[in-house]
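All figures in this text were calculated on a predicted structure; none of them were measured in a lab.
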Amino acid sequence: MTCIVGLVDGDRVWMGGDSAGVNGLDITVRADTKVFRNADLLIGFTSSFRMGQLLHYRLDPPHRDPEADVFRYMVVDFVDAVRGCLKDGGYAHRSNDVETGGTFMVGYEGRLFSIQSDYQVGEAVRGYHAIGCGSDYALGSLASTVGLPAEERVLKALECAELFSGGVRAPFTIQSMVRRPHLALTEAA
């Protein structure tokens with residue numbers, strides 16, 4: 001199920017998601033969105049609505065020192081908070097001494113990260129990414145729409161995924177978040 005699309009455009013991260021809830025061959029268009037804000041994070045999820053609800057309403061993102069490396073923060077501090085949140089919420093799974101969660105994207109500090117079910121953190125060099133069953137169609141669309149406005153690219157990617165994937169349905173939620181100015185940068189200006 002699902003298509004979540006993320007795109008970096010300057011200091012702004014755009015993210016869009018569909019509304020499909022899929023169970024086997026059954027599909028429900030859901031009112032609760034797969035793309036949302038939590039503090040300074042823009043999050044879009046696939047895998048499970050329960051996981052998304054925990055990330056939205058229960059996750060307390062840890063503070064990051066503005067001087068700290070963003071990627072390290074995501075890999076260590078953020079993922080540790082997510083693991084605790086999913087465990088406490090009864091969602092994290094453990095099998096053969098391996099813990100797994102789910103798959104989601106995070107826009108943070110003008111960057112786009114993908115968190116996989118084994119909690120690895122990825123950041124695509126190309127500045128856009130997609131996850132879910134419609135991701136291949138969305139990625140093709142994003143590659144072919146370079147030069148168009150960011151919001152239009154995200155919408156076209158979701159529409160393409162809906163056209164070709166049985167697990168993707170409108171309406172689409174599209175949000176963006178601008179990188180926060182840092183205090184040190186503000187004081188220098």
Side-chain angles (χ1 to χ4, degrees), residues 1-22 27-49 51-57 59 61 64 70-71 73-74 78 82 102-116 121-182 185-186:
M1 72 167 200
T2 300
C3 187
I4 303 296
V5 175
L7 173 67
V8 176
D9 182 40
D11 63 351
R12 182 180 294 270
V13 175
W14 289 86
M15 194 173 296
D18 74 313
S19 298
V22 179
I27 190 165
T28 301
V29 175
R30 303 266 308 228
D32 45 339
T33 64
K34 298 176 191 175
V35 174
F36 52 85
R37 294 170 189 254
N38 181 337
D40 294 330
L41 307 170
L42 184 58
I43 299 175
F45 70 91
T46 183
S47 303
S48 164
F49 275 93
M51 181 193 71
Q53 292 163 352
L54 291 170
L55 294 173
H56 193 178
Y57 299 110
L59 176 65
R64 182 183 70 83
V70 174
F71 192 78
Y73 165 81
M74 292 298 295
F78 178 74
V82 167
T103 304
F104 59 100
M105 264 198 273
V106 178
Y108 178 65
E109 290 295 328
R111 294 168 66 178
L112 182 65
F113 302 95
S114 175
I115 290 72
Q116 301 299 314
V121 177
E123 184 175 18
V125 173
R126 65 182 165 251
Y128 59 83
H129 193 56
I131 56 175
C133 67
S135 64
D136 290 343
Y137 307 111
L139 288 170
S141 175
L142 288 165
S144 70
T145 56
V146 173
L148 293 179
E151 186 173 12
E152 185 177 345
R153 290 180 71 196
V154 171
L155 178 60
K156 284 183 178 297
L158 290 167
E159 289 172 339
C160 187
E162 181 184 34
L163 182 63
F164 293 105
S165 175
V168 179
R169 290 292 179 277
F172 304 122
T173 300
I174 299 175
Q175 294 190 27
S176 70
M177 182 176 277
V178 176
R179 179 180 184 191
R180 289 184 318 154
H182 292 290
L185 295 174
T186 306

Quick one, [X] and [Y] - any side-chain contact, counting heavy atoms below 4.5 Å?
X	Y	answer
Thr145	Glu152	no
Ser141	Leu158	no
Asp18	Thr2	yes
Phe78	Val106	yes

[X] side chain to [Y] main-chain N or O, any donor-acceptor pair under 3.5 Å?
X	Y	value
Asp11	Gly110	no
Lys34	Ala20	yes
Arg153	Leu142	yes
Thr173	Gly17	no
Glu162	Ala170	yes
Asn38	Pro61	no
Thr103	Thr46	no

Rounded at 0.5 Å granularity, tell me how far [atom1] in [X] sits from [atom2] in [Y].
X	Y	atom1	atom2	result
Met177	Asp40	CE	CG	6.5 Å
Cys3	Leu139	SG	CG	8.0 Å
Ile43	Met51	CD1	CE	9.0 Å
Phe104	Ile4	CZ	CD1	12.0 Å
Ser47	Ile115	OG	CD1	11.5 Å

- Message: Quick check on side-chain contact (heavy atoms from CB on, under 4.5 Å): which of Leu7, Val178, Leu42 does Arg12 satisfy it with?
- Response: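 Option passing the side-chain contact (heavy atoms from CB on, under 4.5 Å) with Arg12: Val178.
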- Task: Would you indicate whether Phe71, at its atom CZ, is surrounded by more than 12 heavy atoms from other residues, nucleotides or ligands within a distance under 6.0 Å?
- Result: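 Atom CZ in Phe71 is packed in, count exceeds 12.
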- Item | Glu109 vs Arg180, salt bridge (charged side-chain N to carboxylate O under 4.0 Å, His left out): CA-CA, chis, key distance, verdict | CA-CA 7 Å; Glu109 290 295 328; Arg180 289 184 318 154; 3.7 Å; yes
- Item | Audit row: Glu151, Asp9, side chain to side chain contact (heavy atoms under 4.5 Å, CB included) steps and yes/no | CA-CA 9 Å; Glu151 186 173 12; Asp9 182 40; over 6 Å; no
- Item | Positive for ring pair (Phe, Tyr, Trp, His ring centres under 6.0 Å) with His56, one of Phe45, Phe49, Phe36 |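 The passing option is Phe36.
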- Distance-minimising heavy-atom pair for Ile131 and Gly44: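 Nearest pair, atom of Ile131 first, then Gly44: CD1-O, 4.1 Å.
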- Task: Specify the closest pair of heavy atoms between Met74 and Val121, including all atoms of both residues, with the distance to one decimal.
- Result: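 Taking Met74 first and Val121 second, the nearest heavy atoms are O-CG2, 3.9 Å.
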- side chain to side chain contact (heavy atoms under 4.5 Å, CB included) between Leu55 and Val82: does it pass, once the steps are laid out? CA-CA 7 Å; Leu55 294 173; Val82 167; 4.1 Å; yes
- Task: Answer yes if the ring centres of Tyr108 and Tyr73 are under 6.0 angstrom apart, and no otherwise.
- Result: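 That pair passes the under 6.0 Å test.
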- Message: The criterion is salt bridge (charged side-chain N to carboxylate O under 4.0 Å, His left out); which residues satisfy it with Asp32, sequence neighbours excluded?
- Response: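 Result, salt bridge (charged side-chain N to carboxylate O under 4.0 Å, His left out) vs Asp32: Arg30.
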- Item | Qualifying ring pair (Phe, Tyr, Trp, His ring centres under 6.0 Å) pairs, either residue in residues 122-145, two or more places apart |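 As it turns out, the ring pair (Phe, Tyr, Trp, His ring centres under 6.0 Å) pairs with a partner in residues 122-145, which skip direct neighbours, are Tyr137-Phe164.
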- Task: Before giving the answer on side chain to side chain contact (heavy atoms under 4.5 Å, CB included), spell out for Leu112 and Met15 the whole-Å C-alpha distance, their side-chain angles and the decisive distance to 0.1 Å.
- Result: CA-CA 9 Å; Leu112 182 65; Met15 194 173 296; 3.9 Å; yes
